[in-house]
Structure formats: C-alpha cells, structure tokens
Protein chains: 2
Amino acid sequence: MPRKTRTTPRKLPQQDRSKMTVDAILIAAAHILTEDGYDTASTNRIAERAGVSIGSLYQYFPNKEAIMTAVRERHTNEMAEIVESAVSQTAQQSLEVALHELVKACIAAHRVDPNLHQVLHEQVPRLNQSSAEAKILLLLREFLIQRHHEVQAQNLELTVFILERTIESLVHAAVIEYPKFLQENQLEKELTRLLLSFLSRPV
Amino acid sequence: MPRKTRTTPRKLPQQDRSKMTVDAILIAAAHILTEDGYDTASTNRIAERAGVSIGSLYQYFPNKEAIMTAVRERHTNEMAEIVESAVSQTAQQSLEVALHELVKACIAAHRVDPNLHQVLHEQVPRLNQSSAEAKILLLLREFLIQRHHEVQAQNLELTVFILERTIESLVHAAVIEYPKFLQENQLEKELTRLLLSFLSRPV
DNA sequence: CTACAATATGAGTTATAGCTCATATTATTG
DNA sequence: CAATAATATGAGCTATAACTCATATTGTAG
C-alpha cells in the first residue's frame, strides 16, 4: 500500500548554510524529545530551538513525521555503526568470543543516547522501519553463516530473528529500566551465556 | 515523583446503567484504537462510537489518558489470566514441560487481541506500568523458586528479568511481524529450547 | 409522591498544533 | 553587475482536540 504522507525532504539542501539549517533542526528535535518527550515537540518549538524560522523548517521537511523519521534514522545509524565495527573485527574469533563482543557492542550502542532511544521507541509513532535496522539483520545473518560449522541453526531466518530480538530487548530494557543489571557486567555475561547455549551445537 | 494528571475515575459508576456507559466507552476506545490507531482516537469520537455523550464520558474519566490506562489495564489483565492459569497447572511438572506450557500460554495470551496489543505497545503513550505486568513478574519469580533444585539462577532477579523479557519480546514480535514463525510451532519449540538451555543446571 | 442523588446531554470554550504563502534576503553564475 | 536560483522569514489560516458546565432526565429512598 502506498504511504499516505511522504517523509522525504521536499527540497534537498544544496548550499552549506541550508545544511546547517537541517542539522540544527534535527539536533533541536532530538534535544526536545529527550528533554520533554514527543507530545511537546511541536514543529514551532523545534524551529525556535533550532534558531530557525518555522518557514525554513518546512522548506526541508514536508511534515512533522519527516523530522521524526530523520531523527530516528540518524540515531539508528550511529548505533548500527558501533555494532558493525565490532562484528567486523571478530571474523577470526571463536563463537564464544564473537558473541561476547557482539553483546558488548550492543550495550555500547545503547549508551550512545539512551534517553533519545527510549523516546523514539516508546513515544514517537513509527511507520516505516529504518534502513539501519534492516542492516543489522543482514549483519547477524552473515555472522551466523560464517560460523555455520559451530552453530546450530536449522532455520536460519528464525535464528537470526531470535538472536536480534533477544539482544535488543534485553539490552534496551536494562539500559532504560534496570541499569543495575549492567553493573559488574552481569547482563553482559548472562546474555552471552544464554545465546551461546542456544547457538552451540550439542557435543 | 507525583503524577501530574490523575488516571482514576472522577466518579465511580454505581448504578447498572452507568456501568454500561463505562463499558461502552472502553469497548469503543479499543475498537477505534485497533481500527485506526491512537491519533484518530479523540474523546469525542470515542463517545460517539460508544453511543454516549461527550459529557457522560467525562463524568467517569477525568481525561483521555485515563481512558487509555483503563483500556490497557483490561487488556493486560486478560492476557495475564491466561498465563497465570497455565502456570498454576504446571506445579508438578518438570522444568522442561513447565517451560513449554509457559511459552504456549504466552503465545495464546498474545492472540487475545494482537492488534490492540500492538497499538497499546507502539502508539499509546504509557505512563505508569500496569499492575498486571507486575503480577507476571511475581508469577515467574515463584515459578523459578519452586524449581530451584533444577534451575540455575545465581541472581534470581536478573534471571526473572531475562526470562520475562525474552518471552515477551519474541512472542510479541512474532505475532505482529512474523506470523509465519508460529506455523508448525516453530517459535514455540525454539523458544522453549532457548530458555531450557539457559535455565538448566549443567550436568 | 416527593425530594434528592445519580446519570446523561451537547453546544460551546479554549488552546494549540501543523502548516502555508507572499515576501525578503542571500548566494551563484555568466 | 545583472539575473536568477537558493534560502530564510513569520504572521496568520485552518482544523481539530480536550474538556466544561448549565441543564435535563432518570433512578432511589423514605
């Protein structure tokens, strides 16, 4: 089905000054979201905080939703880069070590901006899933394929799904709701153990 | 910190007819939420759909948030009852069987009203966590304590956390996004295996 | 039957949000 | 240094949402 509202910019910023404008808008939006939540993040307030007129805002974003989508995209990409970089460095490692690194990277990624992450997750209406999320799925898929000799996975797609959701949900919930579980690497260890026992072929 | 807006009714319905009114409002709200989402669920529309005047609505709910809280509470309780009933019937069973029943019950609970569940989760602003959710956590805690002889859990609280979040997130995501994983009990089996290998004491 | 409490009504108030558009300013290009 | 394109401005339009309140109707108790 066709999207009802576009989320792509109506104009692409070409000169430097307009890129600054777009940047300021996204930063202001993120700040307001983390400080006061989605409800109070009106487009007028975002423009004001960005030091930009409301008219300028609507030069580059067709509607409020487009701003939210851009904020989410930026943030998700930042997180994805951390995970990607970590995974790419574990190519030669054992499953156990690699899983541990993966888990650590996910925790680090969630620490980029936990408050923004929470608001994006709980308050900002999500329509289309971000491209960065799809990238993560592909990454994990590769991760498993490369280790197919030590991994138990009859149904690859299902295993990727379980791997991704389990890490994301546990790390996310811990960072936001139970930071104490992150002390002394408790969650990190238990989560690695959980995944390792699930993925390892029985000996 | 004190809540800024109350979610408790301003009047308690006493006669039967007012109970009907409250009921009609909650049912209408749930229908609109599942059909058109949170954004279009205005209080006026809810009242109209319920066949009740907007004034009556505000006799029993101090604000829109209170309606949403009530809808969530109802739905969460329905789900919690299914899980509770299943768990209470596995007291004499082995860890493996009991876990399997638990997982099956969670899947059944998510099938009560998947669309409403999704909207409540993704769109409706959540302020206080529902009491039914807390009940589930206690339930799982008991579940583990009763089986302490066959369960590995140094940190009980952390283990409850992992157990609860893993089941909820995987079942939820599957019901909403990947119903195909529910075919032939695929998820049910894999999820049980995941949890069993995590909780079992090494032999 | 009467008096009072509970319940129901809906037009109207208030507030604010998203967004437009005519116009002004700044940059680029040839 | 024109001429044109890119960018910026903000007062104000439109729409709709949450919520109130004076009043009417229905139930209940003595």
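The sequence lines fix the lettering, A, B, ..., with proteins before strands; numbering per chain opens at 1.
Rounded to a whole Å, the CD atom of A/Q59 is 13 Å from the P atom of C/dA22. Taking atom CD1 of A/I46 as the reference point, atom C1' of C/dT16 lies 15 Å away to the nearest angstrom. Separating the OH atom of A/Y60 from the P atom of D/dT9 is a distance of 10 Å, rounded to the nearest angstrom. Computed from coordinates, the A/I54 CD1 to C/dT16 P distance equals 16 Å when rounded to whole Å. Atom NZ of B/K64 is separated from atom C1' of D/dC19 by 12 Å (rounded to the nearest Å). Rounded to whole Å, the distance from NZ on A/K19 to P on C/dA27 is 15 Å. Rounded to a whole Å, the CD atom of B/E48 is 14 Å from the C1' atom of D/dA17. Atom pair A/M20:CE and D/dA8:C1' shows a separation of 14 Å (rounding to whole Å applied).
Using a 4.0 Å cut-off, no side-chain N or O of A/Y58 falls inside it from OP1 or OP2 of C/dC21. When the side-chain nitrogen and oxygen atoms of B/S53 are compared with OP1 and OP2 of C/dG10, none of them lie within a distance under 4.0 Å. Distances shorter than 4.0 Å separate some side-chain N or O of B/T43 from OP1 or OP2 on D/dA18. The side chain of A/T21 places an N or O atom within less than 4.0 Å of a non-bridging phosphate oxygen (OP1 or OP2) of D/dA8.
Side-chain atoms of A/V160 and A/L163, non-hydrogen and from C-beta on, never get closer than 4.5 Å to each other.
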Nucleotide N/O to protein N/O under 3.5 Å, stretch nucleotides 24-27 of chain D:
none

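Remark: the A/N63 side chain and the C/dC19 base include no donor-acceptor N/O pair separated by less than 3.5 Å.
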Worksheet entry | side-chain hydrogen bond (donor to acceptor under 3.5 Å, both in side chains) between A/H172 and A/Q118, intermediate numbers included | CA-CA 8 Å; A/H172 180 79; A/Q118 180 183 25; over 6 Å; no
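Here the straight-line distance linking atom CG of B/L191 with atom CZ of A/F198 works out to 8.5 Å at 0.5 Å rounding.
When each of A/Y38 and B/G51 is assigned the nucleotide of DNA chain C bearing its nearest heavy atom, the one mapping closer to the 5' terminus is B/G51. Comparing B/N44 and B/S18 along DNA chain C, the residue whose closest nucleotide (by nearest heavy atom) sits nearer the 5' end is B/S18.
Backbone-only engagement by A/S42 is indicated by non-hydrogen atom pairs under 4.0 Å involving sugar-phosphate atoms exclusively. Using a 4.0 Å heavy-atom distance criterion, A/S56 is classed as a base contact.
Checked against A/F143 for a side chain to side chain contact (heavy atoms under 4.5 Å, CB included), the options A/L138, A/V151, A/L99 give a single hit: A/L99.
Between the side chain of B/S56 and the backbone N or O of B/V52 there is no donor-acceptor pair closer than 3.5 Å.
Taking the six-membered ring where the residue is Trp, A/H117 and A/H110 present perpendicular rings, their angle passing 60° and hence far from 30°.
Checked against salt bridge (Lys or Arg N to Asp or Glu O under 4.0 Å), A/E35 has the following partners two or more places apart in sequence or in another chain: A/R49.
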